[in-house]
Amino acid sequence: EEAKSRYITNNDNLILSLNGYSRFSDEDCRRAGVKPGEYEAACKAIIKHLIKHINDKFNSPKIDLIYGASDLGIDKVIKEVSEEHNIISLGFSCPKYMLYVKDDEIPVYLGKNKDDYAERYVESLDLLISTGGREQTLSKDILCACRYNKRIHFVDVLNLLSSTGGVPATRIGPDGKIHVENAAAAMGRNISFFTPGKSQIMNFHGDIWDQVFQDVNSVATEVCRRKMSPERKFK
């Protein structure tokens with residue numbers, strides 16, 4: 001609470017962050033069909049366009065950027081944008097990840113462990129843009145966003161950039177276990193829901209329950225069609 005009150009508690013402010021990949025190696029780029037540095041450049045553009053939009057729309061309110069404090073990947077991108085816009089970021093970390101934190105003047109809240117770090121980080125946000133990421137993103141950040149009623153928006157950056165037709169949500173590792181490869185894809189491909197707002201966007205008319213039935217039927221059709229033989233698929 002002291003860290004938040006000192007660095008990110010202001011009137012008329014918006015507290016933002018992005019999560020995603022701390023490391024995306026040349027081999028990761030090759031497998032995903034993206035150029036080295038392309039993912040980071042795209043994420044930086046997202047933040048900068050968002051800051052400009054909020055400033056123009058709301059007459060330059062106080063924008064606070066918080067991040068995972070490491071000097072790597074998506075966290076380094078946030079830090080660079082923060083420095084360009086003269087925003088004092090508040091970093092979040094834990095003992096396991098402190099070796100990746102650069103020794104500078106930016107304050108860092110140190111959680112007791114990975115769980116505490118994720119909870120305090122997400123709890124402090126107004127909006128989290130999720131651009132990908134692996135196990136930590138899927139099992140910690142997304143869960144905390146739901147627990148603390150924070151708005152999370154998924155942008156599957158890798159699949160927007162990929163020249164190979166798509167980046168899988170998961171992959172089988174050399175150990176034979178399933179590993180999260182792209183948390184944004186995992187959410188976008190596997191989870192769907194119906195809201196009254198969706199009925200307005202899709203220009204549905206009439207009784208909303210007719211719309212619910214139609215929407216659920218459409219999702220079930222999509223799932224079922226993928227499993228059908230060629231004879232049944234387009235019957």
Please report the interatomic distance [atom1]([X]) to [atom2]([Y]), rounded to the nearest 0.5 Å.
X: N19; Y: I152; atom1: CG; atom2: CD1; value: 6.0 Å
X: L65; Y: H85; atom1: CG; atom2: NE2; value: 8.5 Å
X: K62; Y: I87; atom1: NZ; atom2: CD1; value: 7.0 Å
X: L125; Y: F92; atom1: CG; atom2: CZ; value: 7.5 Å
X: K114; Y: S93; atom1: NZ; atom2: OG; value: 12.0 Å
X: H153; Y: S130; atom1: NE2; atom2: OG; value: 10.0 Å

Notebook entry, point to check: side chain to side chain contact (heavy atoms under 4.5 Å, CB included) between E123 and E119: does it pass, once the steps are laid out?
Noted result: CA-CA 6 Å; E123 181 189 23; E119 293 212 7; 5.7 Å; no
Side chain [X], main chain [Y], donor-acceptor under 3.5 Å:
X: N182; Y: G132; answer: no
X: S22; Y: L72; answer: no
X: R171; Y: H179; answer: no

Nearest heavy-atom neighbours spanning [X] and [Y]:
X: S162; Y: A32; result: OG-O, 2.7 Å
X: V157; Y: C43; result: CG2-SG, 4.4 Å
X: I8; Y: D64; result: O-OD2, 3.7 Å
X: S70; Y: D75; result: OG-OD2, 2.9 Å
X: G91; Y: A69; result: CA-CB, 3.9 Å
X: E181; Y: R134; result: O-CG, 4.3 Å

Check: Any side-chain hydrogen bond (donor to acceptor under 3.5 Å, both in side chains) pairs touching residues 33-42, not counting sequence neighbours?
Finding: Y39-T131
Are [Y] and [X] connected into the same hydrophobic cluster when the rule is that any two of I, L, V, M, F, W, Y join if their side-chain heavy atoms are below 4.5 Å apart?
X: V77; Y: V108; answer: no
X: L158; Y: L160; answer: yes
X: Y7; Y: V101; answer: no

Side chain to side chain, [X] and [Y], heavy atoms closer than 4.5 Å:
X: D104; Y: D71; answer: no
X: D115; Y: K140; answer: yes
X: L90; Y: S124; answer: no
X: S17; Y: I129; answer: no

In terms of heavy-atom contacts, does [atom1] of [X] have more than 12 from other residues, nucleotides or ligands at under 6.0 Å?
X: K4; atom1: NZ; answer: yes
X: D12; atom1: CG; answer: no
X: K76; atom1: NZ; answer: no
X: R147; atom1: CZ; answer: yes
X: K52; atom1: NZ; answer: no
X: N217; atom1: CG; answer: yes
X: K44; atom1: NZ; answer: yes

Note to self: Show, in sequence, the C-alpha distance, side-chain angles and deciding distance for V34 and F24, and conclude whether the side chain to side chain contact (heavy atoms under 4.5 Å, CB included) test is met.
What the structure shows: CA-CA 10 Å; V34 302; F24 210 71; 3.9 Å; yes
Check: What's the verdict on side chain to side chain contact (heavy atoms under 4.5 Å, CB included) for K96 and N113, showing C-alpha distance, side-chain angles and the deciding distance?
Finding: CA-CA 7 Å; K96 182 175 181 179; N113 49 43; over 6 Å; no
Checklist line | Apart from I178 itself, residues in the same hydrophobic cluster as defined by side-chain heavy atoms under 4.5 Å | finding: I172
Notebook entry, point to check: Given the rule in the side chain to side chain donor-acceptor pair (under 3.5 Å) test, do E27 and S25 qualify, once you have shown the distances and angles that lead to the verdict?
Noted result: CA-CA 5 Å; E27 173 58 23; S25 67; over 6 Å; no
Next item on the list: With side chain to side chain contact (heavy atoms under 4.5 Å, CB included) as the test, would you mind laying out the steps for L14 and F58 before giving the verdict?
Entry: CA-CA 11 Å; L14 182 67; F58 298 103; over 6 Å; no
Checklist line | Result of checking L128, V81, I78 against L18 for side chain to side chain contact (heavy atoms under 4.5 Å, CB included) | finding: I78
Notebook entry, point to check: Once the angle between the rings of Y97 and Y117 is folded into 0 to 90°, is it parallel (under 30°), tilted (30 to 60°) or perpendicular (over 60°)?
Noted result: perpendicular
